[in-house]
Amino acid sequence: MSIDNIIAQAVSRAVSELYGATTPAESITPQATRKEFEGNLTVVVFPWVKAARKSPEAVGAEIGAWLEANEPAVEKYNVVKGFLNLTISPRFWNSVLAHIADTPDYGLTAAGPESPLYMVEYSSPNTNKPLHLGHVRNNLLGFSLSEILKACGNRVVMTNIVNDRGIHICKSMLAWQKWGEGVTPEKAGKKGDHLIGDFYVLFDKHFKAEVAELMAKGMTEDEAKAASPLMNEARAMLVKWENKDPEVRALWETMNSWVYTGFDETYKRMGVGFDKIYYESDTYLEGKEKVLEGLEAGKMYRKEDGSVWADLTPEGLDHKLLLRADGTSVYMTQDIGTAKLRYEDYPIDKMIYVVGNEQNYHFQVLSILLDRLGFKWGKDLVHFSYGMVELPEGKMKSREGTVVDADDLMDDMVATARSVSAELGKLDGLSAEETDAICEMVGLGALKYFLLKVDPRKNITFNPKESIDFNGNTGPFIQYTYARIRSVLRKAEEEKMETVSYADVVPGEREITLIQALADFPTVVKAAGNTYSPALIANYVYDLVKTYNQFYHDCSILRETDPAVRSMRLELSRQSARVIAAGMKLLGINVPERM
């Protein structure tokens, strides 16, 4: 049993005996005592002030005295207002360390057949361009959140909705028809998603030239855009697609297949994946059907021009268009159709959409509409809203080809990791194969950690050089510390150091601080799941690494002459490495055995 659970159960018994109040141990959450106060764990006593009919200070003193007399783990206590600070007996920390060492999958909870089913949607790419830096943050957040929810004992289905239809897709297709000269990814020596992205940019270049030419003849910008022959061709192609024109559909399927092959390579390298992929080309008609059902049931209304709307004024919002006058669907309708298919496929308890904060209104509306249409999870759907990623130079624009491509970014991160690691001597003595593997691990680890350590709601300015630093709050700093611990453990094995019981060892201050940091891991995992925040895991691991490094600096391990003390310190190192690896895995980051 963890120290938090031991204290929670003891406090529950104390409150029952002292005040006759029933408080489940699960509702009592001891926290690490703030550094400016004496103690290891703090319990807030305000919930029992009413039952005790005493001041918070008096309640804290009575519970503290009861714990000191009845709970062997508690050595002493102090009270600061309504906060009961408990000092855990130094010898007791050994049993905490032993508990951690003896617990399989420490800090992680396995899901059962009756566990809640969470569906997490992330990535959501368009098939007219490759994945870019914004997608990278989305993918990393979605994957990490899924892993954290699994670690909290939930069943999780990871899904992707691919935007594979619409005018933007037709722009790339038309540009390929006009200027592609039959080029394929194989002929061009390019990934398919990059090739299609080039044609999307090319369309925009020619479109802008047309608009400029028409404006020079006296048209306004809006008139020129409406009159553009190129744009009108793209619109005509979209109509043909909607009408299932065989030639247009064949080209669409071919070009999309190029893109999907490219996406798969990028996802694999990034270390993310999906249990189920949905396509908007399959879901938009389902959404239209569902909206028409809602119209028939009086949950939507039709205007004179034939368009279908939802009145959201009872919820304090406006009126929302769901079907245009010509019967075509909008994004909201497509999302309703996707929800319908998902609900048929899985008994979803909670739906989480990982989408940028520019879509906050969209998901507020979607939640209301899904609830109206009878989806039991609609009202409580979660929009995991995150901030944008910018570069020091500013925002990115796909049409102008100024985005940071995800593949290029990963290449650059690995190259930078190689350069920095070599300069610092981190690759000395490694084979070419080991060097390549470590540079890949460090480069991608730096990228992932930089994007995940920040509160998801905040915008980020991504600086590649800042992310690859072997000091400070970075992925490489954590990876290097892990490799250092593994080196210590290997040396102990090579020297066949005897392992003896450390049950009678009284841990020192540095050792207690490190054991307590390890003991916090399950609580942090649970908090990260409850608040949907990978940043909590990232910063916990960073703090753990700092704590270990201080312990490593102050406490001799391999040169310790007392076998029991050395055994305890080796176990501390072993469990530190284990928790660091587990925490980084929840972020989708690998750690190297040597470096």
message = Testing the 3.5 Å rule here: is there a donor-acceptor pair between the side chains of N139 and S123?
response = yes
Side-chain donor-acceptor contacts of residues 348-357 below 3.5 Å, not counting sequence neighbours, with atom names and distances?
{"unit_1": "D349", "atom_1": "OD2", "unit_2": "L117", "atom_2": "N", "d": "2.8"}
{"unit_1": "K350", "atom_1": "NZ", "unit_2": "D380", "atom_2": "O", "d": "3.4"}

Donor on one side chain, acceptor on other, N154 and S115, under 3.5 Å = no
inquiry  = Is it the case that over 12 heavy atoms from other parts of the model lie below 6.0 angstrom from the NZ atom of K526?
reply    = no
inquiry  = If only side-chain N and O atoms count, and only distance matters, is there a donor-acceptor pair under 3.5 Å linking K191 with T266?
reply    = yes
query = Hey, is E265 close enough to K268 for a salt bridge, meaning N to O under 4.0 Å?
reply = no
ask   = Is the shortest distance from a Lys or Arg side-chain nitrogen in R372 or E315 to a carboxylate oxygen in the other one below 4.0 Å?
value = yes
key: Heavy-atom neighbours of E344 CD exceed 12 at 6.0 Å   = yes
task = In sequence, state the C-alpha distance, the side-chain angles, and the governing distance for N360 and S385, and then conclude on side chain to side chain donor-acceptor pair (under 3.5 Å).
result = CA-CA 7 Å; N360 286 351; S385 173; 2.8 Å; yes
request  = Let me see the working for I169 and Y200 under side chain to side chain contact (heavy atoms under 4.5 Å, CB included), right down to the final yes or no.
outcome  = CA-CA 8 Å; I169 311 295; Y200 184 62; over 6 Å; no
query = Will you find, in the side chains of T547 and T513, an N or O donor that is under 3.5 Å from an N or O acceptor?
reply = no
request  = Look at atom CD of E358 and say whether more than 12 heavy atoms of other residues, nucleotides or ligands are closer to it than 6.0 Å.
outcome  = yes
ask   = Using a distance-only test with no angle check, is there a side-chain donor-acceptor pair under 3.5 angstrom linking T474 and D469?
value = no
Modelled atom types, side-chain donor and acceptor of E593 and Y482, under 3.5 Å = yes
inquiry  = For the CZ atom on R490, are there more than 12 heavy atoms of other groups (residues, nucleotides or ligands in this structure) within a distance under 6.0 Å?
reply    = yes
inquiry  = Is the terminal nitrogen or CZ of R342 (NZ for Lys, CZ for Arg) located under 6.0 angstrom from the six-membered ring centre of Y278 and within 45° of that ring's axis?
reply    = yes
request  = Indicate the atoms forming the closest heavy-atom contact of S576 with L544, along with that distance.
outcome  = O-CD2, 4.3 Å
request  = May I ask you to establish whether R165 and Y284 are in a cation-pi arrangement, using a distance under 6.0 Å from NZ or CZ to the six-membered ring centre and at most 45° from the ring axis?
outcome  = yes
ask   = Between T523 and D4, do the side chains contain an N or O donor and an N or O acceptor separated by less than 3.5 Å?
value = yes
query = Between the side chain of D311 and the main-chain N/O of T313, is any donor-acceptor distance below 3.5 Å?
reply = yes
query = So, T33 versus N40: side-chain donor-acceptor pair below 3.5 Å or not?
reply = no
task = Return yes if some donor-acceptor pair links the side-chain N/O of S467 with the main-chain N/O of F450 below 3.5 Å, else return no.
result = no
request  = Would you please classify the geometry between the F521 ring and the Y540 ring as parallel, tilted or perpendicular, with 30° and 60° separating the classes?
outcome  = parallel
key: Residues R269, D411: salt bridge by 4.0 Å N-O rule   = yes
query = Would the Y279 and Y260 ring centres measure less than 6.0 Å apart?
reply = yes
task = Name all residues meeting the ring pair (Phe, Tyr, Trp, His ring centres under 6.0 Å) criterion together with F274; count only those two or more places apart in sequence or in a different chain, and write none if there are none.
result = Y122, Y267
task = Would you confirm whether R249, through its side chain, and W241, through its main-chain N or O, come within 3.5 Å as a donor-acceptor pair?
result = yes
ask   = Does any N or O in the side chain of D105 come within less than 3.5 Å of the main-chain N or O of L108, such that one atom is a donor and the other an acceptor?
value = no
inquiry  = Checking Y361 against D318: is there a side-chain donor and acceptor pair closer than 3.5 Å?
reply    = yes
